[in-house]
Each structure stands twice: as C-alpha cells, then as structure tokens.
Protein chains: 2
Amino acid sequence: MAIHTPTPSNKTTFEPQHDQVREIIYLIRRLMQAGSLYTKELNKNYQVSAPQLNCLLVLYENGPLPPSRIASLIMVKSSTVTGVIDRLEHKGLVKRMRNSPDRRVINIELTDAGKTLAQNAPPPIQQKIVDGLKRLPQNKMESITHNLQLLVHLLDAQDLEIEHPYEEPPPPL
Amino acid sequence: MAIHTPTPSNKTTFEPQHDQVREIIYLIRRLMQAGSLYTKELNKNYQVSAPQLNCLLVLYENGPLPPSRIASLIMVKSSTVTGVIDRLEHKGLVKRMRNSPDRRVINIELTDAGKTLAQNAPPPIQQKIVDGLKRLPQNKMESITHNLQLLVHLLDAQDLEIEHPYEEPPPPL
DNA sequence: TAAGAAATATTTGTACTAAAATATTCCATT
DNA sequence: AATGGAATATTTTAGTACAAATATTTCTTA
C-alpha cells in the first residue's frame with residue numbers, strides 16, 4: 001500500500017482539518033512501514049522473515065497444521081503460505097508430511113531445528129506493541145481500540161474479507 | 001507485514017488487557033489489508049495499481065519529476081519507483097525524458113493519456129479516509145491523530161527512516 | 001587537472017502477496 | 001458405480017518492496 005503525502009487533489013478542495021488528515025495518513029503509512037522494516041531486521045539476525053516466524057510460532061503453539069489452517073491463522077492466502085513453507089522447508093525448519101487419512105491434506109511439522117528456533121525466537125512484531133501497550137493506562141488502550149475501529153470502518157470494512165475470518169468471526173460492523 | 005492472531009507466546013504470560021491487545025493487533029492488520037485490497041480493485045477497474053496511481057497523481061500535481069523525487073513523495077525507495085515507472089511507461093501513461101542540464105537526472109512526464117487518467121482517476125485510498133474523516137467532529141480527529149502517534153511510537157519510531165523524510169522532517173520523537 | 005566522493009538511476013536478487021488456473025482427492029447425489 | 005461439485009494444495013503470473021551492487025555523471029578538493 002503506497003500512501004503518499006496527501007495533496008489537494010483533482011476534485012476536492014480541502015477544509016480546515018486538511019493538515020490533520022494529512023498527518024493521519026502519514027501515520028498510517030508509518031505504521032505499515034514498521035512492519036516491513038521489522039521483517040528485514042529479523043531476517044538479518046535470525047534468517048527468518050516475519051511471515052516465516054509467524055508460521056513457526058503458530059506451529060509451535062498448535063502442533064502440526066495443514067497449510068490452509070496456517071493461512072487462516074496468520075491471515076494470508078494459502079498460495080502465499082505455500083511459498084513461505086517452501087522457504088522454511090528449504091532451511092530445514094519444517095517438513096511436509098502426508099500423514100492424514102484425507103490425502104488432500106498435508107501437515108506441516110516443525111523439525112527439531114524449527115522447534116528450537118520457535119522457542120528462542122525473537123518476539124514477533126506484536127510483542128513490541130504488547131510491551132508498549134502494557135505501560136499504558138487502561139483508558140488509553142480503550143481509546144486506541146476505539147479509534148482504530150473507527151479508521152477500519154472508514155476504509156470500508158466490508159471489502160476486507162480474508163480467507164477464514166479470524167477465529168470467532170469479526171464483530172459485525 | 002504478517003501479524004497473526006496473537007497468542008499467549010513463548011515467554012510472556014498475559015495480563016487482563018490481553019483481549020484488547022489482541023483486538024488492536026487485529027485492527028492494525030486490517031488497516032493494512034485495506035490498502036492491498038484497494039490496489040487490486042483499482043487494477044481491475046482502471047488498469048493501474050495504487051502505487052501507479054499515486055505516481056500519476058504526484059506528476060499531475062507537481063509537473064515532471066525525477067524518479068528520486070517521486071520516491072520521496074510517495075514514500076518508497078527509488079529502486080521500487082523504477083519498476084512502477086517501467087509499467088506506467090509500458091502502458092503509455094508516462095515517458096522518460098533526459099532533458100535536464102544534469103545528465104544524471106531523468107524527468108518523468110505524463111503523456112496525454114496519463115494526464116487524462118490522472119484527471120479522471122478514482123480517488124486514491126487517502127480519499128476514502130478523507131471522506132470518512134470529514135464526517136467526524138473535530139475532537140474525534142484529534143483523538144485519532146493522538147492515538148496513531150502513540151502506536152507509531154510503540155513500534156519504535158527511530159527504525160522508521162525513509163529515504164527523504166516527508167516534507168518537513170517528521171516531528172522529533 | 002586528476003582522484004575520489006557524492007548523487008542519480010538502474011539492475012539484480014530475494015521475499016511477500018494475491019488472483020487465477022490446475023491437479024488431486026474426497027464427497028454427495030443420482 | 002458414475003458424475004459433478006467441493007475441498008486442498010500447488011503453480012503461474014503479476015505487482016510491490018527493498019538492499020546491495022553497478023554505471024554514469026557531477027562535484028570537490030587536493
């Protein structure tokens with residue numbers, strides 16, 4: 001997603017809040033860049049990217065899983081997961097097992113190396129947020145939640161379908 | 001950035017706010033998916049992706065620009081811009097001009113087709129946010145700004161360098 | 001003026017992401 | 001049992017994104 005510095009655009013003339021809108025968009029952009037930068041950093045220090053690490057962690061926490069289930073848990077499409085697993089398998093961190101009675105299903109298992117890495121893994125990016133949030137008073141957190149919901153709303157929530165929606169289906173909007 | 005459903009992880013045991021942290025992370029993830037989904041939708045209806053559209057728009061608003069300047073305005077690296085321009089040029093929407101006295105510099109110009117598209121372009125994703133935000137009372141907007149700043153802060157702002165930081169350099173943190 | 005540093009654009013290599021098409025297997029209905 | 005439809009995983013194709021390496025040109029400074 002490439003949000004650039006908003007500019008007085010073709011049609012619309014901007015009202016007083018212009019600068020604030022500008023800053024909000026800028027902040028969203030930075031939020032997103034935080035993710036990709038964290039991935040790069042991970043890769044340097046641990047030879048795994050953030051999606052790869054997330055994949056290892058859900059396997060560590062849930063035991064062997066088929067790709068479709070992994071996709072659902074880490075919220076990407078299964079065609080994406082295939083590639084992530086390819087790379088993890090190539091590094092000897094997971095292996096594909098065709099051990100289900102249903103022979104369409106492949107189970108992904110952690111190898112010993114994969115388990116070790118999952119145990120000693122650096123915190124996934126969530127942890128950074130979690131650690132920060134813990135230092136905030138409760139009402140701040142409520143405020144953040146509320147405002148994020150508002151933003152997601154603005155971005156047209158009904159377009160945001162993912163393969164299998166979270167865990168419990170997301171609250172109706 | 002792949003944020004998965006947060007889980008009681010390796011080391012950390014979670015405190016009462018657990019569910020709220022979980023929701024915040026989920027919301028951030030959705031915010032980010034909104035972007036990529038919007039890109040896909042754009043591509044279907046207008047044959048340009050969001051980065052491509054943003055590129056066209058900054059050219060429309062600022063006149064011919066070198067790739068480095070475009071990179072700065074749409075906040076991506078110039079190696080990324082090269083590819084975006086390649087695709088736009090291939091579609092006949094822009095052309096590369098070597099018309100600067102400094103012969104390292106290449107200027108990207110809109111073609112007539114590019115201008116037309118920029119004029120009739122669908123709103124970039126920002127517009128969606130803008131339109132939504134306009135319906136909100138001023139104090140809501142302030143609240144959103146404040147909370148986003150907080151979040152960006154948590155994600156370790158000093159790691160978030162970009163090639164040329166925005167316009168005025170972002171506020172010191 | 002010559003050598004080295006800086007700026008600009010591009011190339012190369014890797015990863016992620018998703019839609020669409022494909023192959024395989026399973027299941028239900030006839 | 002056979003056909004058609006659903007589920008599962010993969011391949012293909014295309015786009016975004018970035019770091020690192022490269023080539024070219026300009027600037028600096030010695």
Side-chain angles (χ1 to χ4, degrees), chain A residues 1-3 29 32-44 47-55 65-72 74-91 96-98 100-108 159-164, chain B residues 1-3 29 32-44 47-55 65-72 74-91 96-98 100-108 159-164:
Chain A
M1 171 176 190
I3 288 184
R29 185 70 176 95
M32 291 190 282
Q33 286 195 318
S36 38
L37 285 167
Y38 187 72
T39 268
K40 302 280 151 62
E41 188 192 321
L42 259 187
N43 228 328
K44 259 187 205 147
Q47 280 75 51
V48 287
S49 69
Q52 288 165 23
L53 177 56
N54 281 331
C55 183
L65 296 170
S68 55
R69 185 88 185 100
I70 296 176
S72 153
I74 68 178
M75 295 197 275
V76 297
K77 300 292 176 183
S78 27
S79 56
T80 302
V81 168
T82 299
V84 171
I85 292 173
D86 283 348
R87 287 178 281 275
L88 286 174
E89 194 173 33
H90 189 257
K91 292 177 202 164
R96 286 177 160 92
M97 307 297 298
R98 200 182 264 98
S100 161
D102 183 337
R103 287 170 54 190
R104 290 168 302 183
V105 174
I106 289 188
N107 276 289
I108 314 298
D159 286 346
L160 302 184
E161 284 317 315
I162 50 178
E163 206 144 280
H164 296 296
Chain B
M1 172 177 190
I3 289 185
R29 184 70 176 98
M32 292 190 281
Q33 285 196 318
S36 36
L37 285 166
Y38 187 71
T39 268
K40 302 280 151 61
E41 188 192 323
L42 259 186
N43 227 329
K44 257 186 206 148
Q47 282 72 51
V48 285
S49 68
Q52 288 165 22
L53 177 56
N54 281 330
C55 184
L65 296 171
S68 54
R69 184 91 184 97
I70 295 176
S72 153
I74 68 178
M75 296 198 275
V76 296
K77 302 291 175 181
S78 26
S79 55
T80 302
V81 168
T82 299
V84 172
I85 293 173
D86 283 348
R87 287 178 281 274
L88 286 174
E89 194 173 33
H90 190 257
K91 291 175 202 167
R96 286 176 162 92
M97 306 299 297
R98 201 181 279 95
S100 162
D102 182 338
R103 289 174 49 194
R104 291 168 302 184
V105 174
I106 288 187
N107 276 289
I108 313 300
D159 286 346
L160 302 184
E161 285 316 314
I162 50 178
E163 207 144 279
H164 297 296

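Keep in mind that what you see is a predicted model, and the values were worked out from it rather than measured. Atoms considered below: every heavy atom in the structure, side chains included; atoms not considered: hydrogens, waters and symmetry mates. Residue numbers begin at 1 in each chain, while the letters A, B, ... track the order of the sequences.
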Next item on the list: Round to the nearest Å and state the distance from B/Q47 atom CD to D/dG15 atom P.
Entry: 11 Å
Check: What's the CZ-P distance between B/R98 and D/dT25, to the nearest Å?
Finding: 9 Å
Checklist line | Residue whose nearest DNA chain C nucleotide is more 5′ - A/K91 or A/R103 | finding: A/K91
Check: Looking at D/dA9, does its base get a donor-acceptor pair with the side chain of A/R104 below 3.5 Å?
Finding: no
Check: Nearest-Å distance, NE2 (B/H90) to P (D/dG15)?
Finding: 10 Å
Item checked: Spacing between A/I70 atom CD1 and D/dT8 atom C1', to the nearest angstrom -> 13 Å
Notebook entry, point to check: Which whole-number value in Å describes the distance from A/L53 CG to C/dC16 P?
Noted result: 11 Å
Notebook entry, point to check: How close do B/V105 and B/R98 get, heavy atom to heavy atom, and via which atoms?
Noted result: O-CG, 4.2 Å
Check: Would you say D/dT8 has OP1 or OP2 under 4.0 Å from some side-chain N or O of A/S68?
Finding: no
Checklist line | Non-hydrogen atoms of A/N107 and A/S100 that approach each other most closely | finding: ND2-CB, 3.9 Å
Please write out the pairs of protein N or O atoms and N or O atoms of nucleotides 10-14 of chain D separated by less than 3.5 Å, giving the distance to one decimal.
residue : atom : partner : partner atom : Å
D/dT10  : OP1  : A/R96   : NE           : 2.7
D/dT10  : OP1  : A/R96   : NH2          : 3.4

Margin query: Please report the end-to-end axis angle for the helix from C/dT1-D/dA30 to C/dT30-D/dA1, five pairs per end, rounded to 10 degrees.
Written below: 10°
Notebook entry, point to check: With sequence neighbours left out, what residues match A/R96 under side chain to side chain contact (heavy atoms under 4.5 Å, CB included)?
Noted result: A/T82, A/I85, A/D86, A/E89, A/I106, A/I108
Item checked: Rounded interatomic separation in angstrom, taking CG from A/D102 and C1' from C/dC26 -> 6 Å
Check: Nearest-Å distance, CD (B/E89) to P (D/dG15)?
Finding: 15 Å
Next item on the list: Using the test salt bridge (Lys or Arg N to Asp or Glu O under 4.0 Å), find all partners of A/R104 that sit at least two apart in sequence or belong to another chain.
Entry: A/D102
Next item on the list: When you get a sec, tell me which of D/dA9, D/dT24, D/dG15 is the closest nucleotide to the side chain of B/Q52?
Entry: D/dG15
Margin query: Nearest 0.5 Å, please: how far is CD in A/Q52 from NZ in A/K91?
Written below: 3.5 Å
Item checked: Nearest atoms (heavy-atom pairs only) where B/C55 meets B/I70 -> SG-CG2, 3.9 Å
Next item on the list: Rounded to the nearest angstrom, tell me the gap between atom CD1 in B/I74 and atom P in D/dG15.
Entry: 15 Å
